[in-house]
Amino acid sequence: MENKKIAQYFTEIADLLDIMGENPFRIRSYRNGARTVEDLPENLAGLVREGGDLTRLPGIGESLAEKIREIVETGKLKFLDELKKKLPVGLPELLRIEGIGPKKAKLFYEKAGVDSIQSLEKAAKDGRLHNLFRMGDKTEDNILRAIKNYQKGAGRFRLDVGFTYAGSITEYLKPVKELKDLIPAGSLRRRRETIGDLDILAICKSSSILMNRFVKYEDAEDILAHGTTKSSLRLSNGLQVDVRVMGAQQFGSALLYFTGSKSHNIALRTRAQEMGLKVNEYGIFRGKKRIAGKTEEECYHSLGLPWIPPELRENRGEIEAAAKGKLPRLIELGEIRGDLHAHTRATDGKNSIEEMARAARKLGYAYIAITDHSKAVKVAGGLDEQALAKHLKKIEKVNEKLSGIRVLKGVEVDILGDGTMDLNDDILKECEVVIAAVHYHFNLPEKEMTKRIIRGISNRYVNILAHPTGRLILEREPYRVNLEEVIKVAVNEGVVLEINAHPARLDLNDIHSRMAKEMGAKLVINTDAHAISQLGLMRYGIFTARRGWLEKEDVINTNPVKKLMGLISR
DNA sequence: GCCGTTTTCGGCCCGACTGTTTTCAGTCG
């Protein structure tokens, strides 16, 4: 039983209780529980089997713990089944429609017989909604539009895509003379791997001028809200963009508010309450008196906390750590000394060894490992033993020719279906950096996949396990593997785990990176560059590492080459 | 339903915008 599934059960319960008009705090407990479960790096099923104390997880009390046990042990949940009997199965989905919450869903169900999105659409078209309580023609229009948008399924966008859109919109708004500052906040500022929408904070004297320009943005398909300080658009690709205008005096509290996450903010506000304070986007208040708000630092200090980096603001223990003075000193891009995963024209890369090396030197790196594919990766023209031997010679030559950069001889060798290596040990031992990776046979059962990878990294010449879960963000699910087991072996064998920096991979992800660190693993951040331009993707790997609470010491390619070689040797 | 360095009971974050109707409930982030 996957954690995700358990989280879904809790969300479903919350939705149903919501529509039934239950106690909102009880509903929130289920939503909080769902989030805790989904964020959890280790498998709950395992925890249940080991008899672990589930109530130690934040937001999980006796009741939810018991339900988790029931789901793990029986695959079902009686409580949820009972709830489902009371309402039509299609009803909770209505909550996914923009502008429809539990109250309207219930109203439509009771007064217009709506029990699914299809029947909602029909009711709106037939004009059966506008005679209901506080509903007019406009409501019906909005619902029909929102259904269309939902069916288009905009969903989430990759972080790099988010940066591109944020850039275009800030460029577009810049000509407004009164504009002082424009900062993309929200999940983009927290560097989440995907963003659901774009939140932009504007510091501007005349809010209406800015708002009026914003809603005329050419790619806007829909104006969702147009107020004096806050407006929202939906772009043609479905991405929602919110702009909030504030004054310079509120900059800190506004940025805090608009960066989120929502649950981080709720936790901060709860803490404030306990201190007799109130937090909103305009500042921090004791009674009517405003005691902070100009900078984020000031806001955190007023709550007895040091400034917390945006990447940590997920309510995953950062507030408690901050209160104890135990925040990590997060790794920074400038601390990276080299890249240990790069391809060349020898296989599917676009540049030569020398071009890659020069580009790495230009970035200020001390080293780069050239790690082309092995023969199993046919589409990339992977190298066999002989071809690799020749390739290694070429790498040596470039290394001799260039000064100021060490070019390391490497390979990205495939872990075959049975866990053996795609190349023999004789050639692997000639390499200074051996990266092992899975590129085929993703569909193995979890046990087999785990065994396969463990067998792969148990080869004494393997130094790094690349993109350990194989996922492609928004495209391909991770393969089924027990990462805890793999990490345990990696720690024992001295194999380094990769954070692949490509914005489509970010693999390990933030949560697993943190788990790996806590289990004592060493990590490396690599770009997997297939062209010199891609060496610059390193920053995405840094974002993920920071979200995983990693420090310089956790990441081996922050070291000079000599120490690095010592760290990867087995 | 969860939680507690005041609390095992009594709280539970906070404000903007919309559509509708004259004062606000619902939704959203």
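Below, chains carry the letters A, B, ... as their sequence lines are ordered, and counting in each starts from 1. For clarity, every value in this text was computed on a predicted model and none was experimentally measured.
Across all strands shown, B/dT8 has no partner, as no Watson-Crick or G-U wobble contact with both distances under 3.5 Å is found.
Atom C1' of nucleotide B/dT27 and atom CG of A/N149 are separated by 16 Å, given to the nearest angstrom. Between A/I266 atom CD1 and B/dC13 atom P the separation is 6 Å, expressed in whole Å. As a whole-Å value, the separation of A/F258 CZ from B/dC28 P is 16 Å. B/dC3 atom C1' lies 13 Å from atom CD of A/E62, rounded to whole Å. Computed from coordinates, the A/D15 CG to B/dT27 C1' distance equals 14 Å when rounded to whole Å. Following rounding to the nearest Å, A/R96 (CZ) and B/dC28 (C1') show an atom-to-atom distance of 14 Å. The NZ-P distance, from A/K262 to B/dG15, rounds to 15 Å in whole Å. Here B/dG29 presents its P atom at 14 Å from CD1 of A/I195, a figure rounded to the nearest Å.
Across B/dG1 and B/dT8, the matching C1' atoms stand 14 Å from one another, rounded to whole Å. Rounded to the nearest Å, the gap between the C1' atom of B/dT23 and that of B/dC17 is 16 Å. Remark: the separation of the P atoms in B/dG26 and B/dT20 is 15 Å, to the nearest Å. B/dC2 sits 16 Å from B/dC13 when the P atoms are compared, rounded to a whole Å.
Among the atoms of the strands shown, only primed sugar atoms or phosphate atoms (P, OP1, OP2) are found under 4.0 Å from some heavy atom of A/I97. When heavy atoms are screened at a 4.0 angstrom cut-off, A/T229 is found touching the sugar-phosphate backbone but no base atom. Among the protein residues, A/E274 comes within range of no part of the nucleic acid, since none of its heavy atoms lies under 4.0 Å from any strand. As judged by a 4.0 angstrom heavy-atom cut-off over every strand, A/S231 is placed among residues making no nucleic acid contact. Using a 4.0 Å heavy-atom criterion, one finds that A/I100 contacts the sugar-phosphate atoms exclusively.
For CD of A/E218, the number of neighbouring non-hydrogen atoms (other residues, nucleotides, ligands) closer than 6.0 Å is 12 at most. When the shell of 6.0 Å around CZ of A/R329 is examined, it contains more than 12 heavy atoms from other residues, nucleotides or ligands. Crowding of A/E62 atom CD: a count of heavy atoms from other residues, nucleotides or ligands under 6.0 Å not exceeding 12.
Screening A/R145, A/K152, A/K148 for a salt bridge (Lys or Arg N to Asp or Glu O under 4.0 Å) involving A/E221 leaves a single residue, A/K152.
Remark: A/N23, A/F25, A/R26, A/R28, A/S29, A/Y30 in residues 18-36 of chain A come within less than 4.0 Å of DNA chain B through at least one heavy atom. Contacts between residues 277-295 of chain A and DNA chain B, counted as heavy-atom distances below 4.0 Å, involve A/K278, A/V279, A/N280, A/E281, A/Y282. Residues from residues 101-113 of chain A that place a heavy atom under 4.0 Å from any atom of DNA chain B, listed by number: A/G101, A/P102, A/K103, A/K104.
Residues in residues 198-245 of chain A take part in these ring-ring contact (aromatic ring centres under 6.0 Å, His included) pairs, two or more places apart or across chains: A/Y172-A/Y217.
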Can you give each donor-acceptor pair under 3.5 Å made by side-chain atoms of residues 253-262 of chain A, sequence neighbours left out, with the distance rounded to 0.1 Å?
| unit_1 | atom_1 | unit_2 | atom_2 | d |
| --- | --- | --- | --- | --- |
| A/S253 | OG | A/Q250 | O | 3.1 |
| A/S253 | OG | A/E281 | O | 3.0 |
| A/S253 | OG | A/G283 | N | 3.1 |
| A/T259 | OG1 | A/R189 | NH1 | 2.8 |
| A/T259 | OG1 | A/L255 | O | 2.6 |
| A/S261 | OG | A/S263 | OG | 3.3 |
| A/S261 | OG | A/H264 | N | 3.2 |
| A/S261 | OG | A/R313 | O | 3.0 |

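Taking the ring axis of A/F108 as reference, the NZ or CZ atom of A/R128 does not stay both within 45° of it and closer than 6.0 Å to the ring centre. For the pair A/K67 and A/F79, the distance from NZ or CZ to the six-membered ring centre is under 6.0 Å and the angle to the ring normal is within 45 degrees.
Among B/dA16, B/dG29, B/dC14, the nucleotide with an atom closest to any side-chain atom of A/Q273 is B/dC14. Nearest to the side-chain atoms of A/L64 among the listed nucleotides B/dG1, B/dC14, B/dG15 stands B/dG1.
Between A/H512 and A/K517 there is no side-chain heavy-atom pair separated by less than 4.5 Å. Counting heavy atoms from C-beta outward, A/D242 and A/I200 have side chains that stay 4.5 Å or more apart.
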Using a cut-off of under 3.5 Å, enumerate the N/O to N/O pairs linking the protein to nucleotides 18-24 of chain B.
| unit_1 | atom_1 | unit_2 | atom_2 | d |
| --- | --- | --- | --- | --- |
| B/dT18 | OP1 | A/H226 | N | 2.6 |
| B/dG19 | OP1 | A/N142 | ND2 | 3.1 |
| B/dG19 | O3' | A/T139 | OG1 | 3.1 |
| B/dG19 | N2 | A/R134 | NH2 | 2.7 |
| B/dT20 | OP1 | A/G136 | N | 2.2 |
| B/dT20 | OP1 | A/G136 | O | 3.3 |
| B/dT20 | OP1 | A/T139 | OG1 | 2.8 |
| B/dC24 | O2 | A/R134 | NH2 | 2.6 |

